[in-house]
Amino acid sequence: MIETMPRPRSETLTLAKALNQGLRQALADDPKVLVMGEDVGRLGGVFRVTDGLQKEFGEERVIDTPLAESGIVGTAIGLALRGYRPVCEIQFDGFVFPAADQIITQLAKMRMRSRGAVELPVVVRIPCGGGIGAVEHHSESPEAYFAHTAGLRVVACANPADAYWMIQQAIACPDPVVFFEPKRRYWDKAQVDPTAEAVPLGRAVVARPGTDVTLLAYGPMVKTCLEAAQAAQEDGRSVEVVDLRSLSPLDTPTILESVRRTGRCVVVHEAPVFGGFGGELAARVTEHCFYHLEAPVLRVGGFATPYPPSRLEDHYLPDLDRVLDAVDRTFSW
Amino acid sequence: MIETMPRPRSETLTLAKALNQGLRQALADDPKVLVMGEDVGRLGGVFRVTDGLQKEFGEERVIDTPLAESGIVGTAIGLALRGYRPVCEIQFDGFVFPAADQIITQLAKMRMRSRGAVELPVVVRIPCGGGIGAVEHHSESPEAYFAHTAGLRVVACANPADAYWMIQQAIACPDPVVFFEPKRRYWDKAQVDPTAEAVPLGRAVVARPGTDVTLLAYGPMVKTCLEAAQAAQEDGRSVEVVDLRSLSPLDTPTILESVRRTGRCVVVHEAPVFGGFGGELAARVTEHCFYHLEAPVLRVGGFATPYPPSRLEDHYLPDLDRVLDAVDRTFSW
Amino acid sequence: MTLDAHTVQDTELIQLLTPEGERLEHPDYPLTLTDQQLRDLYRDMVVVRALDGEAVALTRQGELGLWPSLLGQEAAQVGSGRALGAGDMVFPTYREHAVAYCRGLPLLNVLKLFRGVDLGGWDPKEHGFHLYSIVIGTQTLHATGYAMGIQRDGGHGTGIGDAALVYFGDGATSQGDVNESFVWAASYNAPVVFFCQNNQWAISTPLERQTRIPLYRRAQGFGFPGVRVDGNDVLACLAVTRRALDLARTGRGPTLVEAVTHRMGAHTTTDDPSRYGHSEELETWRPKDPISRLRAYLSRDGLASPDFFDETDAHAKREARALRDACLALPDPPPAELFDRVYAAPHSTLEEEKAAYDSYLAGFR
Amino acid sequence: MTLDAHTVQDTELIQLLTPEGERLEHPDYPLTLTDQQLRDLYRDMVVVRALDGEAVALTRQGELGLWPSLLGQEAAQVGSGRALGAGDMVFPTYREHAVAYCRGLPLLNVLKLFRGVDLGGWDPKEHGFHLYSIVIGTQTLHATGYAMGIQRDGGHGTGIGDAALVYFGDGATSQGDVNESFVWAASYNAPVVFFCQNNQWAISTPLERQTRIPLYRRAQGFGFPGVRVDGNDVLACLAVTRRALDLARTGRGPTLVEAVTHRMGAHTTTDDPSRYGHSEELETWRPKDPISRLRAYLSRDGLASPDFFDETDAHAKREARALRDACLALPDPPPAELFDRVYAAPHSTLEEEKAAYDSYLAGFR
Ligand SMILES: Cc1ncc(C[n+]2csc(CCOP(=O)(O)OP(=O)(O)O)c2C)c(N)n1
Ligand SMILES: Cc1ncc(C[n+]2csc(CCOP(=O)(O)OP(=O)(O)O)c2C)c(N)n1
Ligand SMILES: [Mg+2]
Ligand SMILES: [Mg+2]
C-alpha cells in the first residue's frame, strides 16, 4: 500500500491539509518516520492535521501518547536514538513549556555532547499564534525561546505550499527542528504542486517585491504584512515583504539585500516585542546596513504582557493599521 | 532572637556572603519569608549562599526540598498564595528548565489571570554564567528566556553591595522576580554598608563614567567591562560602563542618556548573541538614538552553540580582548 | 513483593447509593444527612446541570468561545464540594463549575473567562476557590504548597485547621507535576486532598493509555492512601471527601481520591466525540446518571414530594435564564486591562508601551 | 485498600551473599556461576574502585574539574552491568563508571568529560552505552523511548530481542520525568529496566526527604513490578537485573529495581559531607562493603587463591597508572570543536559566527 501510494497531484489545499499531505508523504516515504502526541491518532489532532494518518499507517507509527509534553519529547529522543524519525505534536503553543527541559537541555545539545556521534532527527510541531478567540495558553508565540537555543533549527510556515514542503524537509533534516504552524491560517487555501521544486529549508523568500521599505515577517504575520503592502500601494508606497521561513538559521543575505535596496525596515511578529526575536533582526540589520538605513528598524508586535483575554486580542495583535503606522513612522524619521 | 538581631555593620564581604546577609536580614525582618530548594538547608547550598540560615531560622522556614525544580517553584507559588514570600534556589542555571512551565505559565501570568487579586512575591534565585571550569549545564546564561516572559521581573547583581540590597528588594517586591547571581563573582570582595541608601530595584547605574563609548552589561560581564574600560583608558579612550542591574523592567532613560552622550554602544553578555537580550538593547538604543550613533550598536557574547566543554570556555566567553575589539570596531566604522 | 498488572483485580469502589437509588451503608464512611440536606444536594446537581446546559447553548450561539461541560460529573463535584469547610481552599481545573457553585462563586465569573472578557479574574480568597488552571496538572503543586503554608500557619493538625482540595483529571495523572505534587505532599505530610475525576477520557485519549491499573493505586507508590469512590454517587463522594479532609486537618496527611465517573458529553464544545467511539459507552453510563439515582432514592423513600422536583426544575430554569441575561449584558473590557493587571508595582518598560499605544489609539479619534 | 505510611514494614530485600560472605539461595533468583565468573566479578569491582580512586586523585591534583565517585556502589553497577546482553542499551547518570567499564567503554572517555576536554563525546552505539546525563532524570524518558523503538523493530518479545537499562538515583525519583517514564513504560509495556541506585543521599538530602516508603514500591503505583535488592551484593544485583531484562525481552514489560547501597564518599570531589552528618553512617555501612564480602566468599570456599587477590590488586594498580598517564596526555580541544559539532547539516548563522571568530583569532597571529 505504501509503495503504491501515488504522489498527490497539484491541488488547492488548506494549510492544515497541506501539512496532512506532507506528513502522509513522509510516512509513506520512510518507514522510520513516526507521528506522536496527544490525540494525534484516532482523533486526528485537535486541528485535524494528522487526520486519517493512524488509520493508514497504524497505531505503531501514529502514536496517541499519555498526557505529558516532557514525556512526548523525551521518548521521541529515545526513539530517534534507536533510528526513528519522530514528529511530535504539541497540542497548543502554551503547552510546550513542560517539554522545555527535554527540548533545551537534551534535544538541542545531544549532538554536541556526543561530538556528532548522535543525530536527533526529531521534529516538534507547534501550532502557534492568536487571533482565534481562544482561552489562555492557546494563542502564544514562543519562537524566541527556541531561536535563542543553539542546537535547534526553528522554522515557521506561512502558506499551504510551504507547509507541504517544509514539514517534509524538517522530517528529512538530520537535526532537531521546531516547526511553527500559524494556527489562524490553518484554513487558508492555496494551490500546492507536489511536483514543483521546493525552496530549501532555511532560505527566506521575498513574498512580495517592493522598493521603499522592507517588512520582515514569518508565520501568521506574513499574510498581515502582504495585506499591509497591498494597502500601502494604494497610497503609492512600494512595500517589500520578506517571509523569513526560518529563524534558525536565519537567511541573513536575503534580508540584507532587501533592506540595502529599500533603506527602511519594519519587523513584525505576534510575540511580545520586548526581548523578542525582532530584536535580533533589528540589531543584525542595523549592524550590516548602517549606512543604508534612512530610519531605525522599527518593531511591531505584542506588548510586554501575558496574552490577553480574547476580547482584547485585537488590541494586542499587530494588524494592518499598526504595520502601516510603523511604515509611516519610518518615512517620517 | 529575631527582634534583637543587630543590623550588620559596614564590612567587607564576598558577593556570596553579601547574599547570605541579605537573606538573613529578610528572614529576620519578615516571618513570612521562606528559603527553599535543593540542599539549601543543612548544607547551606552548594555555594554556601544560604549557609547557617536553617540553623538560625529552622527547618520550617529554610526548607530542604525533594529533587525537582518544577516542584520547588510550583509549591512556592502555593505558599505565596497562602501569604508567604518564598525565595527559591535553582542550584545551577542549566537546571531551571524543568521549572520553565511553572515560571512561564503560572508564576508570570497568575496576577494578570486574577485581574490583580493574586500577588506572587516569589523570588527565583539562579546562580548563572560560566568561567568556573564546570561540567555541562553549570555555566549557562538563560536570562533572555525570562526577560521575554511578561509578568516577571528579571534582575542581575554584579557586586557585593548590590547583592546585599537587591536580594532584599526582590523579596520585598510584590511581583515575581528572577534573580541572577554571577557564579564566578561569588568570591569577589567589596565593602557593604547596610546603613547606606540603596539604589531602587529596576534602576541602571553608570558603573564607570566615560565620554567616547558606552558598554552595556549586567551580572558577571560588568567586571569584564570595567577591566576593558581601564585598559582602554591606557590607550587614551574614555569608556563608560552601564550596569543594567535590571533587564525587566529596563532602565531605558539611563541607557539612552549615556549613548546619546558617547555616540557609540557595545552590548556585552555571556549568553549566545543570537536571539539574546543584546538584540533588545541594540534595537532599543538604535531606535531612540538613531541620529546620535556614530556606529551601529555592536554585540559581544557567546556563540550560537551549546555551552562548550570547559577547556574551550575561554574562547566562548567574552573577555577583555573581545570587548576591546568591539570597541575598536565601533571607532573604525 | 511484585505486582503483575495483568492480574490486578478491580478493588473496592465506595458506594452509598446504587444506580437504582438504593441506600447502602459502609463501615468506614458513615453518613447521616437530614432530608433537607439530601434535597439540597439534589437541587445543587439539578441547578448546575441547567447552568452548564445554558453555557453550552450560549457557546453554540457564539456568545462564549468554548465551554467544557461537566455533564455527568455533577455528583463528583457537588459531593466533594459540599464536604468543604469555609477555610478550605479549592484548586480546580477548567471543568469544576459545580464546585464553584458550591463555593458560592457566581458562575458568571466562569462564563466571563470562556467569553474572553477576562482570564478568570475572581479573588480566590473570597470564596476559597482558586482560579481555573488550564495547563494540565500545574495546580496540584500550587495546592500542595498552599497546604505547606497551612502547616506553617500554626494551629494545624488540631482538626479545626484548613485543608487544600485539588481537582484534576485522569489524563492529568500522567503529568510530571502531578507526580511531583504526590512526592511533596508525602514528604511533608501536607494537608491536601487530591481529587481525581476519572471521567474515562482525556479528550480522545481513553484511560487505558494513561494507566493500566486503577488510578487510586498511584498513591500507594508514594506512600499515602488512595480511595476509589463511585463518582456518580453524590453521597459517597461527600463522605469520602469529608474523611480525606478530616485526615488532612488532623495531621494525617494527603489522600488521593479517585472518583470514577463519566464525561457524558464532548470534551468541550469544539470537540467531536463521534470520531473516537465515545458514544458507544453512553448506553452503559446513562443508567448510572448521578441525578436520577438520587431522585429515585428521594422519591422511593418519600424524602421529597413531587412538587419539590417541579419547583427545583423551575428554580433551575430561572437560574439559567438569569445567567444567560447576565452573560449577554457583559461589557467588553477596555484596552487598559491589557496593561494594568500585569504587575503590582510600576514597571517602566510596560508603562512606555502603554503610553505609546495610548497615543497610537488617540490618533484614530 | 489504603496504606498508612507509618506502619509500612520494610519488605523483602533480595540477597544472595551476606556481608559476611555467606552464599544464600533464593527461589526466584537462581544463579549458577563458574569460579572464573565469580573471580571476574571480583576483579571488575577491584579494578573500577582503583580507577575511581585514581580519578579522585587526579581531581585533587587539579587534572579533572570534578569527579563523582562510585565508591561503595561497585556491586550495584558491576552486578547490573554484567547482566547485560550485547544488543542492550544502557542509559547512565554521571556516576556509572563501573557500568561503562563493564560495557567496554575506555574510562578515559569519562575522564575527558570531567577534565572539560569534551562533553562525553563517545558513540553510544559502539558499546551500547549512552552518554552521561547530568540533568537529573532526563535519561529515563530516553531509555523508555528507545525501548519503544525496540518494540517497533520487530522480533521483540521473542526473548532474543534487545532491552534498555536506565540508571538513576534515589533523588531522581522525585523528578517529573522519571515518573512520566514510568507512565510511558507501563502504558506501552516497553522493554526497559529502571535501575535505581538508592545510595541514601542526593548530595546532602537524605532519602527520607524524597520518600517515606521504600522506593521499589513506587512501581506498584504505576502497575509494574518493583524489586528491592541488596545493592552491595554483586550476585543479587546480577541475578535480579538478569531476571528483569529477561522479562523485558520476553514482552513482559518494565521492572523497577531498587538497589539499596551507600555512597561511601562525598557526592563529588567538591562536596563536603561533614556538613550534613554523612560520616555518622559510615560505620554501619563499611562492614557491608561490596568487595570485602565477595572476597570473604571466594577465600572461605577456596574459589580463589591468595595469589589471585595479589595479582588482581597489581592489575588494578597497572590499570589505574595507565589511566593516569593517558589522562595527563590528553590534548586540549581546538576552537573548531566549538562550532563543528552542533549541527549535522550546515547552519549558515553559526558559520558566519565561526568565520568572524576565525578572522578575529587570525588578528592575534
Ligand atoms: C500541559 C497541557 N497539555 C495539553 C493540554 C490540552 N488539553 C486540555 S484538556 C486535555 C485533556 C485533559 O484530560 P483530563 O486530565 O482527563 O481532564 P478532563 O478534560 O477529562 O476533565 C488536554 C490534553 C493542556 N491544557 N495542558
Ligand atoms: C535537574 C537537576 N537538578 C539539580 C541537579 C544538581 N544535582 C546534581 S546530582 C544531584 C543529586 C542527585 O541525587 P541522586 O539522584 O540520588 O543521585 P546520586 O548523586 O546520589 O547518585 C543534584 C541535586 C541536576 N544535576 N539536575
Ligand atoms: Mg478525563
Ligand atoms: Mg543518591
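Per chain, numbering begins at 1; letters A, B, ... match sequence-line order. Given the structure is predicted, the values throughout are model-derived calculations rather than measurements.
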A.B. asks: Tell me whether the count of non-hydrogen atoms from other residues, nucleotides or ligands lying under 6.0 Å of CD in A:Gln230 goes above 12.
C.D. replies: yes
A.B. asks: Check whether A:Glu69 gets within reach of chain C through its side chain, its backbone, both or neither, counting any heavy atom under 4.5 Å.
C.D. replies: both
A.B. asks: At a heavy-atom separation under 4.5 Å, does C:Thr349 approach chain A through its side chain, its backbone, both, or neither?
C.D. replies: side chain
A.B. asks: Which region of A:Phe303, side chain (C-beta onward) or backbone (N, CA, C, O), has a non-hydrogen atom less than 4.5 Å from a non-hydrogen atom of chain C, or is it both or neither?
C.D. replies: both
A.B. asks: Give the C-alpha distance, both sets of side-chain angles, the deciding distance and a yes or no for salt bridge (Lys or Arg N to Asp or Glu O under 4.0 Å) between A:Asp39 and C:Arg275.
C.D. replies: CA-CA 11 Å; A:Asp39 309 295; C:Arg275 295 177 65 97; over 6 Å; no
A.B. asks: Less than 4.5 Å to any heavy atom of chain C: does that hold for the side chain of A:Gln54, its backbone, both, or neither?
C.D. replies: neither
A.B. asks: For the candidates C:Phe364, C:Tyr94, C:Phe114, C:Tyr276, which exhibits the highest count of non-hydrogen atom pairs separated by less than 4.5 Å from chain A?
C.D. replies: C:Tyr276
A.B. asks: Which heavy-atom pair separates A:Pro98 from C:Gln175 by the least distance, and what is that distance?
C.D. replies: CB-OE1, 4.4 Å
A.B. asks: Could you look at C:Tyr357 and say if it's the side chain, the backbone, both or neither that has a heavy atom under 4.5 Å from chain A?
C.D. replies: side chain
A.B. asks: Under a 4.5 Å heavy-atom cut-off, does chain A meet the side chain of C:Ile203, its backbone, both or neither?
C.D. replies: both
A.B. asks: To the nearest 0.5 Å, what is the distance between CG on A:Leu43 and CG on C:Asp272?
C.D. replies: 7.5 Å
A.B. asks: Do you know which two heavy atoms are closest between C:Gly171 and A:Leu67, and how far apart they sit?
C.D. replies: O-CB, 3.4 Å
A.B. asks: Select one option (side chain, backbone, both, neither) describing which atoms of C:Ala356 are under 4.5 Å from chain A's heavy atoms.
C.D. replies: neither
A.B. asks: State which residues pass side-chain hydrogen bond (donor to acceptor under 3.5 Å, both in side chains) with A:Arg42; sequence neighbours excluded, sorted by chain then number.
C.D. replies: none
A.B. asks: Which atom names give the shortest non-hydrogen contact between C:Leu119 and A:Tyr307, and what distance separates them?
C.D. replies: CD1-O, 4.0 Å
A.B. asks: Please flag which part of C:Asp271 lies under 4.5 Å from any non-hydrogen atom of chain A: side chain, backbone, both or neither.
C.D. replies: side chain
A.B. asks: Checking heavy atoms, do the side chain of C:Pro334, its backbone, both or neither come under 4.5 Å from chain A?
C.D. replies: backbone
A.B. asks: Please classify the contact between C:Arg115 and chain A as side chain, backbone, both or neither, with a heavy-atom cut-off of under 4.5 Å.
C.D. replies: both
A.B. asks: As an exercise, state the distance from CD1 of C:Ile136 to CD of A:Gln91, rounded to the nearest 0.5 Å.
C.D. replies: 9.0 Å
A.B. asks: Taking all heavy atoms of C:Val117 and all of A:Arg311, pick out the closest pair and write down the distance.
C.D. replies: N-CG, 3.9 Å
A.B. asks: Determine whether A:Phe92 and C:Val135 satisfy the following criterion, side chain to side chain contact (heavy atoms under 4.5 Å, CB included), listing intermediate values before the conclusion.
C.D. replies: CA-CA 10 Å; A:Phe92 283 90; C:Val135 183; over 6 Å; no
A.B. asks: Which bit of A:Arg48 comes within less than 4.5 Å of chain C, counting heavy atoms only: side chain, backbone, both or neither?
C.D. replies: side chain
A.B. asks: Could you look at A:His315 and say if it's the side chain, the backbone, both or neither that has a heavy atom under 4.5 Å from chain C?
C.D. replies: both
A.B. asks: Between A:Ser70 and chain C, with a heavy-atom cut-off of 4.5 Å, which part of the residue counts as in contact: side chain, backbone, both or neither?
C.D. replies: neither
A.B. asks: What's the spacing between A:Phe274 CZ and C:Leu350 CG if we round to 0.5 Å?
C.D. replies: 10.0 Å
A.B. asks: Can you name the nearest heavy-atom pair linking C:Gly116 to A:Ser310, along with the distance?
C.D. replies: CA-OG, 3.2 Å
A.B. asks: Show the numbers, then the answer: is there a side chain to side chain contact (heavy atoms under 4.5 Å, CB included) between C:Thr270 and A:Val46?
C.D. replies: CA-CA 9 Å; C:Thr270 61; A:Val46 294; over 6 Å; no
A.B. asks: Minimum heavy-atom separation for C:Leu338 and A:Leu312, please, with both atom names.
C.D. replies: N-CD1, 4.0 Å
A.B. asks: Among the options C:Glu353, C:Lys354, C:Glu337, pick out the one with the most heavy-atom pairs lying under 4.5 Å from chain A.
C.D. replies: C:Glu353
